[in-house]
Amino acid sequence: MKRIGSIPYARLIIPALLFLAVACAPAGADDARRPAAAGTHTPPDGQAVFRLYCVTCHGADGRLGMNGAKDLSKSALTLEERVALITQGKGLMTPFGELLSPEEIRAVAEYSLTFK
């Protein structure tokens with residue numbers, strides 16, 4: 001194992017990489033997953049969740065088409081079909097059923113209808 005002085009190289013690199021991973025996370029990335037305060041229920045913001053998870057491939061207007069993503073402005077899928085697709089994924093699309101709550105998935109599906 002390489003050493004810098006008396007410290008093993010890996011003992012310096014691993015904490016540095018962890019720091020960078022946390023520091024480079026998008027601002028508010030935890031907000032979409034943070035539970036609401038007890039006694040209050042705020043419905044999820046479909047646009048905010050879309051911007052956090054979907055913009056990379058679908059683009060801000062739903063037309064980007066990166067990594068095989070479909071143009072959402074031309075999609076004929078119903079709301080329920082969109083919910084199922086977001087939940088289960090398809091092709092290169094991540095299945096979000098374990099990452100997002102059912103309410104967040106429905107909010108994103110509803111928001112995606114605004115691109116039509």
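Positions are given from 1 along the sequence.
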Full working for side chain to side chain contact (heavy atoms under 4.5 Å, CB included) between Ile86 and Met93: CA-CA 8 Å; Ile86 295 165; Met93 182 174 164; 4.1 Å; yes

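- In this structure, Leu52 is not a member of the same hydrophobic cluster as Met66, with clusters built from ILVMFWY side-chain heavy atoms closer than 4.5 Å.
- In this structure the side chain of Glu104 never reaches within 4.5 angstrom of the side chain of Leu99, judged on heavy atoms.
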task: Please test Phe115 against His58 for side chain to side chain contact (heavy atoms under 4.5 Å, CB included), starting from the C-alpha separation and ending with a verdict.
output: CA-CA 11 Å; Phe115 295 121; His58 288 286; over 6 Å; no

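- Going from atom OG1 of Thr114 over to atom CG of Leu72 covers 9.0 Å, rounded to the nearest 0.5 Å.
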message: For a side chain to side chain contact (heavy atoms under 4.5 Å, CB included) check, start with the C-alpha distance between Lys70 and Ser75, then their side-chain angles and the critical distance, and finish with the verdict.
response: CA-CA 7 Å; Lys70 302 299 180 195; Ser75 176; 5.9 Å; no

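- Side-chain contact between Leu85 and Arg82: absent, with no pair of heavy atoms (C-beta onward) separated by less than 4.5 Å.
- Considering every non-hydrogen atom in both Asn67 and Cys57, the closest pair reads ND2-SG, 3.4 Å.
- With hydrogens and angles disregarded, a donor-acceptor distance shorter than 3.5 Å links the side chain of Asp45 to the backbone of Gln47.
- You'll find the side chain of Pro44 reaches within 4.5 Å of the side chain of Glu103, heavy atoms only.
- The 12-atom threshold is exceeded at NZ of Lys116, counting heavy atoms of other residues, nucleotides or ligands nearer than 6.0 Å.
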task: Just do the side chain to side chain contact (heavy atoms under 4.5 Å, CB included) check on Thr87 and Phe96 with the steps written out, would you?
output: CA-CA 5 Å; Thr87 302; Phe96 287 95; over 6 Å; no

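- Under the 4.5 Å side-chain heavy-atom criterion for Ile, Leu, Val, Met, Phe, Trp and Tyr, Leu77 and Leu64 are members of distinct hydrophobic clusters.
- In this structure a side-chain-to-backbone donor-acceptor pair under 3.5 Å is present from Glu81 to Thr78.
- Contact between Ala60 and Val55 at its shortest, heavy atoms only, is N-CG1, 4.1 Å.
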